[in-house]
2 protein chains.
Amino acid sequence: MADGRKTVQTRAKSDNDAPARKRLPRNEREQMIVREATRFFAEVGFEGQTRELARRLGVTQPLIFRYFPTKEDLIERVYQEVYLSRWNPWWEELLEDRSMPLTERLSQFYKAYTTAIFTYEWVRIFVYSGLKGVNINRRYLALIRDRVLKRIMTEVRAEQNLPTPEEIPLSEREIELAWGLHGGVFYIAIRKWIYEFETPEDIEGVLEATVESFVKGAPAVMRRLLEGDQTKAKAPGLSLDNSTI
Amino acid sequence: MADGRKTVQTRAKSDNDAPARKRLPRNEREQMIVREATRFFAEVGFEGQTRELARRLGVTQPLIFRYFPTKEDLIERVYQEVYLSRWNPWWEELLEDRSMPLTERLSQFYKAYTTAIFTYEWVRIFVYSGLKGVNINRRYLALIRDRVLKRIMTEVRAEQNLPTPEEIPLSEREIELAWGLHGGVFYIAIRKWIYEFETPEDIEGVLEATVESFVKGAPAVMRRLLEGDQTKAKAPGLSLDNSTI
DNA sequence: TATGTTGTTTATCGATCGATAATAATTCGA
DNA sequence: TCGAATTATTATCGATCGATAAACAACATA
């Protein structure tokens with residue numbers, strides 16, 4: 001304001017915290033936007049406003065639209081950022097490495113899996129996109145079922161000297177047993193990052209105990225299922241009326 | 001209807017689908033709004049717009065604000081509608097009825113619990129309010145922990161002739177074992193209503209198998225925990241860096 | 001130092017949101 | 001049957017949303 005030059009005015013944008021205009025290479029700025037958008041949407045959901053996102057980035061709102069044509073494009077990019085390449089193929093090898101006891105394999109797997117997946121961003125983005133009805137979630141759960149749960153049940157059968165899946169295919173009930181284990185583990189993350197409820201400090205110890213309980217409990221059920229105890233095989237049919245209330 | 005009264009004219013608001021203006025007693029209309037709002041918010045989340053809600057109700061948007069001063073007040077009311085009085089005190093008696101085998105008690109409990117809780121509205125409203133950071137969720141999880149999980153672990157101890165919680169308090173690790181069971185069960189609802197993924201038709205059978213697996217697996221872990229196997233008691237500390245990737 | 005390229009901001013549009021005030025229509029008791 | 005009381009609608013406000021266009025400023029190169 002003193003010397004009347006435009007440049008000075010626009011740069012020293014008052015004595016506020018605003019760190020003045022910073023010009024970045026295209027790749028760098030794009031990465032910055034995606035990273036901040038991930039944090040932002042994980043926190044407030046995908047209805048979060050581009051103006052608030054821009055404020056957190058320290059840039060103006062229209063700049064975002066110079067990098068992503070629409071907000072939906074940015075969201076799509078966030079999906080990729082979160083889900084992409086967090087899958088470790090080694091996990092699958094680990095699960096079927098029979099040189100190790102099954103309990104040890106499952107413990108190691110879930111420790112590695114939760115280390116990779118149990119983050120604020122991953123869990124909340126996953127749930128938000130699930131509520132939104134995005135297809136990514138179904139694809140991911142199918143991945144878990146086919147690459148993890150089926151492997152787990154195959155290994156449980158092997159350790160119990162039960163028929164292989166080639167001889168007798170895995171039943172839905174067996175897969176559901178594995179979902180019980182997996183869901184119980186994932187629910188720790190839901191408690192922590194969706195409900196903000198207390199979770200154990202020593203997650204690894206809890207995983208060990210959970211796995212041990214599974215390995216000691218599931219085989220008995222499987223033997224019953226496979227060795228033809230039909231008395232408990234009830235007719236299908238879901239009764240979900242609220243008659244209890 | 002055939003006598004040409006004014007009522008007839010205004011009611012038959014053209015031959016459109018619009019069911020004409022209907023004047024209702026205050027209580028009735030209020031109940032109708034709350035019920036439809038519950039379905040609506042469960043579907044689209046709390047950012048759902050009052051205009052769309054009004055359209056579904058077949059009334060004008062300002063009418064909603066004649067019954068609820070603000071949208072937030074309506075949401076608060078929806079919370080009450082969903083959570084209130086879905087808790088059945090009989091569940092707690094059931095869990096500690098030692099005239100029944102523990103497996104049978106747990107099966108019956110989870111069948112009754114899921115019958116009352118596993119609804120589209122309940123599950124989605126619960127997750128939406130959790131993401132929003134509402135306190136209700138933490139209160140509810142504390143209820144589950146204190147009235148259900150602690151009871152379950154008390155009964156497991158009793159069946160194994162282990163010390164009562166009065167003699168040796170329940171450890172966090174034991175509670176976590178019960179969370180594993182409970183989370184595994186609730187994850188079925190998450191798969192179905194949050195991710196829209198396949199779930200078993202015969203939920204009751206799955207609950208029986210899951211409970212059986214728990215009752216056969218958990219006691220072994222508990223005996224180890226209680227009988228002083230300290231070798232596996234690792235130092236606390238959560239390692240959640242993504243070093244695996 | 002001059003100039004073209006490109007990252008960034010300013011200004012603003014049209015649509016949509018929750019909410020309010022004024023008006024109309026329905027119901028029911030005297 | 002008439003009019004007060006209550007329910008519902010019409011019209012609209014101010015704020016906020018995603019998105020666009022034009023102007024500006026930083027940097028690389030010559």
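None of these values were measured; they are calculated from a predicted model. Side chains included, hydrogens not; waters and symmetry mates left out as well; all remaining heavy atoms used. Within every chain, numbering begins at 1; the chains are lettered A, B, ... in the order of the sequence lines, protein sequences first and strands thereafter.
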Sorted by chain and residue number, the salt bridge (charged side-chain N to carboxylate O under 4.0 Å, His left out) partners of B:K150 (sequence neighbours excluded) come out as B:D146
Check: Base, sugar-phosphate, or nothing: which does B:R26 touch, judged by heavy atoms less than 4.0 Å apart?
Finding: sugar-phosphate
Separation of D:dA15 atom C1' from B:Q49 atom CD, nearest Å, is 15 Å
Out of D:dA19, D:dC27, C:dA19, minimum distance to the side chain of A:R23 belongs to D:dC27
>> For a quick test of reading the model: is some side-chain N or O of B:T60 closer than 4.0 Å to OP1 or OP2 of D:dA8?
In response: no
Of B:F118, B:Y140, B:Y79, B:Y120, the one forming a ring pair (Phe, Tyr, Trp, His ring centres under 6.0 Å) with B:F126 is B:Y140
Counting only side-chain nitrogens and oxygens, does A:R29 get under 4.0 Å of the OP1 or OP2 atom of C:dT8? yes
In whole angstroms, the gap separating C1' of D:dC17 from CD1 of A:I64 amounts to 13 Å
Whole-Å distance, A:Q31 CD to C:dG7 P, equals 15 Å
Rounded to whole Å, the CZ-P distance (B:F68 to D:dT7) equals 13 Å
*Is there a donor-acceptor pair under 3.5 Å between the side chain of B:R151 and the backbone N or O of B:R147?*
yes
Closest of D:dG18, D:dT9, C:dT10 to the B:P62 side chain is D:dT9
Closest of D:dA21, C:dT8, C:dA19 to the A:Y67 side chain is C:dT8
Check the orientation of B:F46 and B:F41. Use parallel for under 30°, tilted for 30 to 60°, and perpendicular for over 60°. tilted
From CD of A:E72 across to C1' of D:dG18 the rounded distance in Å is 12 Å
Per nearest nucleotide of DNA chain D, the residue lying toward the 5' end, A:E47 or A:R66, is A:E47
Closest to the side chain of B:L24, out of C:dT20, D:dA19, D:dA8, is D:dA8
Separation of C:dG18 atom C1' from B:R55 atom CZ, nearest Å, is 18 Å
Looking only at C:dT9, C:dT20, C:dT12, the nucleotide nearest the B:F65 side chain is C:dT20
B:R51 CZ to D:dT10 C1', in whole Å, measures 12 Å
Atom CG of B:L63 and atom C1' of C:dT23 are separated, to the nearest Å, by 15 Å
Within a strict 4.5 Å, meaning less than it, do heavy atoms of the A:E43 and A:R56 side chains meet?
yes
